Amino acid sequence: MGVAIRDILTEYKRPAEWDRLRGRAAFDGNNALYQFLTTIRQADGTPLMDNEGRVTSHLSGLFFRLTNFIEKGISPVFIFDGKPPEFKSKTISERRAVKEKAEIQRVEALKVGDIQAAFRHARSSTRVDKEIIDSSKRLLSLMGIPYLDAPSEGEAQAAFMVSEGIVDYSVSQDYDSLLFGAEKLARNLTVSRKRKIRSRTITVNPEIITLDEVLSGLDITREQLIEIGILIGTDFNSGIRGIGPKKALKIVRDNAFEKILSESVPDFDYLPVKDFFLNPPVTENIIPDYGAVDGAGVTEFLCAEHGFSEERINSVLEKINAGAGQKTLDQWF
DNA sequence: CAGACAAA
DNA sequence: TTTGTCTGG
């Protein structure tokens, strides 16, 4: 899932106050939905579902998070993945295999009564399918939030939109948009709360990564950052066994990228991958079109159609109405 | 994950 | 007010 360059980015993660996040943001839609689907589950891994068995975890996550964004003056544009490049097919089939196996293990764990294992395997088996995407788009429309299908990778489209100034930053838990050239990437855009991870409690706060800071701090170019990605592995190539971000950084600084690559994987032609990061297919001339929240429509969709509690939904809708008055989302600031 | 509510 | 636990659909 994404390029694993976290360990060389720690110094460049800046805590971001919500006020500083006001503005337009290009969200990696598939990434956001995946997060909701993996985390919003019961203890045994069962997702939230309506009475017809349709998964609704993502709708819950989206609704409550988006209303928070509206309150905070963040105008999202959701970007969904389009057609993957040919060289991603190996990754895609590998992931599918992992998920199918996880689904079998989930059922098995449930049979044995191992709730925790069932939860873990349920998470691993999570897939963002067409039904999930379509229902999400429906909710976005009702909430006046624009979205688009990228011609190829969503992260590439998001990066392009940052570069063009169409949005102020991209939002994803993955770092790929940096390789695609996004000048600003925001992460952890969740309501801050303490999380307990093995007896330790830590607060997860929103953070911003600025590409220029990363590149000047590491003293590399974007091309070299892409090369680091290729060495350790991206969604589009496997990477070299035994090379992590630290070693990869040293390699590109020593200008040994081509040498190491040709020694380790002589049959691999990295150029198409590198070129894909530098010049991905994107849609130009995007103008995000924001609208007002259709409260009645949202209630109809979430409550009547999918069984959400009218009380809960309405109280949140009232809250944003009180704050925003008659303004549409984009007029907030 | 985010909201609601209880307990501290 | 802060922190922990439960539940949502």
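Letters go in sequence order (proteins before strands), and every chain restarts at 1. This structure is a prediction, so every number in the text was calculated from the model and none was measured.
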Could you give the [atom1]-to-[atom2] distance, from [X] to [N], as a whole number of Å?
{"X": "A:F69", "N": "B:dC1", "atom1": "CZ", "atom2": "C1'", "answer": "11 Å"}
{"X": "A:I320", "N": "B:dG3", "atom1": "CD1", "atom2": "C1'", "answer": "15 Å"}
{"X": "A:L59", "N": "B:dA2", "atom1": "CG", "atom2": "P", "answer": "15 Å"}
{"X": "A:R65", "N": "B:dG3", "atom1": "CZ", "atom2": "C1'", "answer": "14 Å"}
{"X": "A:L37", "N": "B:dA2", "atom1": "CG", "atom2": "C1'", "answer": "15 Å"}
{"X": "A:L62", "N": "B:dA2", "atom1": "CG", "atom2": "C1'", "answer": "13 Å"}
{"X": "A:L66", "N": "B:dG3", "atom1": "CG", "atom2": "P", "answer": "12 Å"}

Protein-nucleotides 6-8 of chain B N/O pairs closer than 3.5 Å?
none

Under a 3.5 Å threshold, yes or no: a donor from one side chain and an acceptor from the other, between A:T38 and A:T126?
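The criterion, which ignores hydrogens and geometry beyond distance, is not satisfied for A:T126 and A:T38.
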
Could I get the full list of side chain to side chain donor-acceptor pair (under 3.5 Å) partners for A:K184, not counting sequence neighbours?
none

Side chain to side chain donor-acceptor pair (under 3.5 Å) partners of A:R65, counting only residues at least two apart:
none

ILVMFWY network linking A:L278 to A:L261, side-chain heavy atoms under 4.5 angstrom:
yes

Can you get from A:V282 to A:V273 by hopping between Ile, Leu, Val, Met, Phe, Trp and Tyr side chains that sit under 4.5 Å apart?
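Result: no, two separate clusters.
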
Residues 209-216 of chain A, side-chain donor-acceptor partners within the protein, below 3.5 Å, at least two apart:
{"unit_1": "A:E213", "atom_1": "OE1", "unit_2": "A:R14", "atom_2": "NE", "d": "3.0"}
{"unit_1": "A:E213", "atom_1": "OE1", "unit_2": "A:R14", "atom_2": "NH2", "d": "2.7"}
{"unit_1": "A:S216", "atom_1": "OG", "unit_2": "A:D212", "atom_2": "O", "d": "2.9"}
{"unit_1": "A:S216", "atom_1": "OG", "unit_2": "A:E213", "atom_2": "O", "d": "3.4"}

With sugar-phosphate meaning primed atoms plus P, OP1 and OP2, does A:N68 contact a base, only sugar-phosphate, or nothing at under 4.0 Å between heavy atoms?
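The answer is sugar-phosphate, as A:N68 gets under 4.0 Å only of primed atoms, P, OP1 or OP2.
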
Taking only N/O atoms, report every protein-nucleotides 6-9 of chain C pair under 3.5 Å with atom names and distance.
{"unit_1": "C:dG8", "atom_1": "O3'", "unit_2": "A:R312", "atom_2": "NH1", "d": "3.3"}
{"unit_1": "C:dG9", "atom_1": "OP1", "unit_2": "A:S309", "atom_2": "N", "d": "2.8"}
{"unit_1": "C:dG9", "atom_1": "O3'", "unit_2": "A:T56", "atom_2": "OG1", "d": "3.0"}
{"unit_1": "C:dG9", "atom_1": "O3'", "unit_2": "A:H306", "atom_2": "O", "d": "2.7"}
{"unit_1": "C:dG9", "atom_1": "O6", "unit_2": "A:Q42", "atom_2": "OE1", "d": "3.4"}
{"unit_1": "C:dG9", "atom_1": "N1", "unit_2": "A:Q42", "atom_2": "OE1", "d": "2.6"}
{"unit_1": "C:dG9", "atom_1": "N2", "unit_2": "A:Q42", "atom_2": "OE1", "d": "3.3"}
{"unit_1": "C:dG9", "atom_1": "N2", "unit_2": "A:P47", "atom_2": "O", "d": "2.5"}
{"unit_1": "C:dG9", "atom_1": "N2", "unit_2": "A:M49", "atom_2": "N", "d": "3.2"}
{"unit_1": "C:dG9", "atom_1": "N3", "unit_2": "A:M49", "atom_2": "N", "d": "2.8"}
{"unit_1": "C:dG9", "atom_1": "N3", "unit_2": "A:M49", "atom_2": "O", "d": "3.3"}

Residues 32-63 of chain A vs ring pair (Phe, Tyr, Trp, His ring centres under 6.0 Å), sequence neighbours excluded, gives none

Check for me whether the distance between the ring centres of A:F27 and A:Y147 falls short of 6.0 Å.
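Between A:Y147 and A:F27, which both carry aromatic rings, the centre distance is not below 6.0 Å.
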
Ring centroid separation A:F301 to A:F308 under 6.0 Å:
no

